[in-house]
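Below is one structure, written out as structure tokens, with a few remarks after it.
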Amino acid sequence: MNFTWFSLEYVDHEDRTSKIDLFEPRFGGHQTLEERENSFYAKNQTLHCGFVKGKPGHPSTGFDINEKDKAYMYRCKVAVSSCIFGSSDFLRRPTSRLISQYSKDNVCFVMFLDDQTLSKLSSEGSSPDERGYIGLWKIVVVKNLPYEDMRRTGKVPKFLSHRLFPHSRYSIWLDSKMRLNSDPMLIIEYFLWRRKAEYAISNHYDRHNVWEEVLQNKRLNKYNHTAIDEQFNFYQSDGLPKVDPSKPNDPLPSYVPEGSFIIRAHTPMSNLFSCLWFNEVDRFTSRDQLSFAYTYLKLRRMNPERPIQLYMFKDCERRALLKLFRHRELPSPRETA
């Protein structure tokens, strides 16, 4: 009862036509700016949140999962999930001896892979057993990836766990470069229950201002510079402020997250924030650190009486629970805007 309650529904189909029918269904849909603005209000609504289909006869927009795996995911009450697409990482198994039998019996550990990654892992000796598991990970193979950019495709399970696990009350996300070294239920107790929070994420270990993050993305050529400028200029024109660490009453201790580890209660406000953040990644660049603060601050500004209970913790707490590895050293395709 500490949280804001309202009803969320999601756009399932779009059937837009014009005189020249150039309508192409997209996984993220075709959200107008007016629809985007209205979606930030914490109220009963139907909003875009991925998994949008076209009219009958159109092919799937992507992220296809077989019915058996869907049935398994629908039964999950607590989910720990990660993904590897495009063979970008090795598979890191949770440290079994540090995870309680209760969590092993009651928590779903789901690793989303594409066919390419599954084939690569199998060639290295990591094949699913007859039940579809590699260690504690239940392997779920995703067909028809919705984006050419694998980083953007990875945002689907990262942000939309409430869509993939619709009956789950809690979820934990960890990037594939992480190995889980702690019990999931203890993580939920510490970061959510003890803090009376519905969403928890760590701040960045180095950068705390979005302005710095923009410069770093350009410096390292993380994404098309023009696309970054368009996104950032849009955010500044809509009132994105700079963080001032000297002010104790700032909404967040940092405006740049270390988004590799997210703990969520699947409350309406948490689900709304996740949809809004995903929609920014779908609309602009896949660099989610650029859109985190804007999304949170706009949601907070437009709902002054209905705040999201977000807990932003220090990065050292994240590192105490997860072991960090390097990504595979593979030549990455040039990202496009």
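What you see is a predicted model, and the numbers here were worked out from it, not measured in a lab.
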Problem - Nearest-0.5 Å distance that lies between atom NZ in Lys314 and atom OG in Ser254 - result: 12.5 Å
Handout entry: Pair Lys218 + Asp229: basic N to acidic O under 4.0 Å
Key = yes
Practice task
Begin with the C-alpha distance, continue with both residues' side-chain angles, and end with the deciding distance and a verdict on salt bridge (charged side-chain N to carboxylate O under 4.0 Å, His left out) for Asp282 and Arg26.
Solution key: CA-CA 10 Å; Asp282 179 71; Arg26 294 181 64 251; 3.0 Å; yes
Handout entry: Ser123: partners by side-chain contact (heavy atoms from CB on, under 4.5 Å), with sequence neighbours left out
Key = Lys120
Exercise for the section: Would you check, one step at a time, whether the test ring-ring contact (aromatic ring centres under 6.0 Å, His included) holds for Tyr235 with Phe284? Expected result: CA-CA 11 Å; Tyr235 289 170; Phe284 294 109; 5.6 Å; yes
Exercise for the section: Please check if the side chain of Asn44 supplies one atom and the backbone of Ser7 the other of a donor-acceptor pair under 3.5 Å. Expected result: yes
Fill in the blank from the handout: To the nearest 0.5 Å, atom CE of Met73 lies from atom CZ of Arg163 at 11.5 Å
Exercise for the section: Flag yes if more than 12 heavy atoms outside Phe6 fall under 6.0 Å of its CZ atom; otherwise flag no. Expected result: yes
Problem - Six-ring centre of Phe40, Lys298 cation under 6.0 angstrom, axis tolerance 45° - result: yes
Handout entry: N-O pairing of Glu280 and Arg36 below 4.0 Å
Key = yes
Fill in the blank from the handout: Taken to the nearest 0.5 Å, the spacing of Arg283 CZ from Glu230 CD works out to 12.5 Å
Completion exercise
Correct closest heavy-atom pair for Thr295 and Trp277 would be CG2-N, 3.7 Å
Handout entry: Result of checking Arg264, His162, Glu198, Gln309 against Ser270 for side chain to side chain donor-acceptor pair (under 3.5 Å)
Key = Arg264
Practice task
Using the six-membered ring wherever Trp is involved, compare the ring planes of Phe261 and Phe313 and label them parallel, tilted or perpendicular (cut-offs 30° and 60°).
Solution key: perpendicular
Practice task
If the plane angle is over 60° it's perpendicular, under 30° parallel, otherwise tilted; pick one for Phe191 and Tyr311.
Solution key: tilted
Practice task
With rounding to the nearest 0.5 Å, note down the distance linking CD in Glu37 to CE in Met302.
Solution key: 4.5 Å
Problem - OG-CG distance between Ser87 and Leu121, expressed to the nearest 0.5 angstrom - result: 7.0 Å
Practice task
Give the C-alpha distance, both sets of side-chain angles, the deciding distance and a yes or no for ring-ring contact (aromatic ring centres under 6.0 Å, His included) between Tyr255 and Trp211.
Solution key: CA-CA 9 Å; Tyr255 285 179; Trp211 274 252; 8.7 Å; no
Problem - Residues Arg318 and Glu258 bridged, charged N to O under 4.0 Å - result: yes
Exercise for the section: Decide whether a cation-pi geometry holds between Arg194 and Tyr190; the criteria are a distance under 6.0 Å from NZ or CZ to the six-membered ring centre and an angle within 45° of the ring axis. Expected result: no
Practice task
Measure up the Phe63 and Phe27 rings against each other and bin them: parallel (under 30°), tilted (30 to 60°), perpendicular (over 60°).
Solution key: tilted
Practice task
Take Lys158 and Asp288 through the salt bridge (charged side-chain N to carboxylate O under 4.0 Å, His left out) test and state the conclusion after the steps.
Solution key: CA-CA 11 Å; Lys158 178 174 182 175; Asp288 55 39; 2.9 Å; yes
Problem - Nearest-0.5 Å distance, CD of residue Gln231 to OH of residue Tyr223 - result: 9.0 Å
Exercise for the section: Applying side-chain contact (heavy atoms from CB on, under 4.5 Å), run through Tyr296 and Leu276 and close with a yes or a no. Expected result: CA-CA 9 Å; Tyr296 170 78; Leu276 296 174; over 6 Å; no
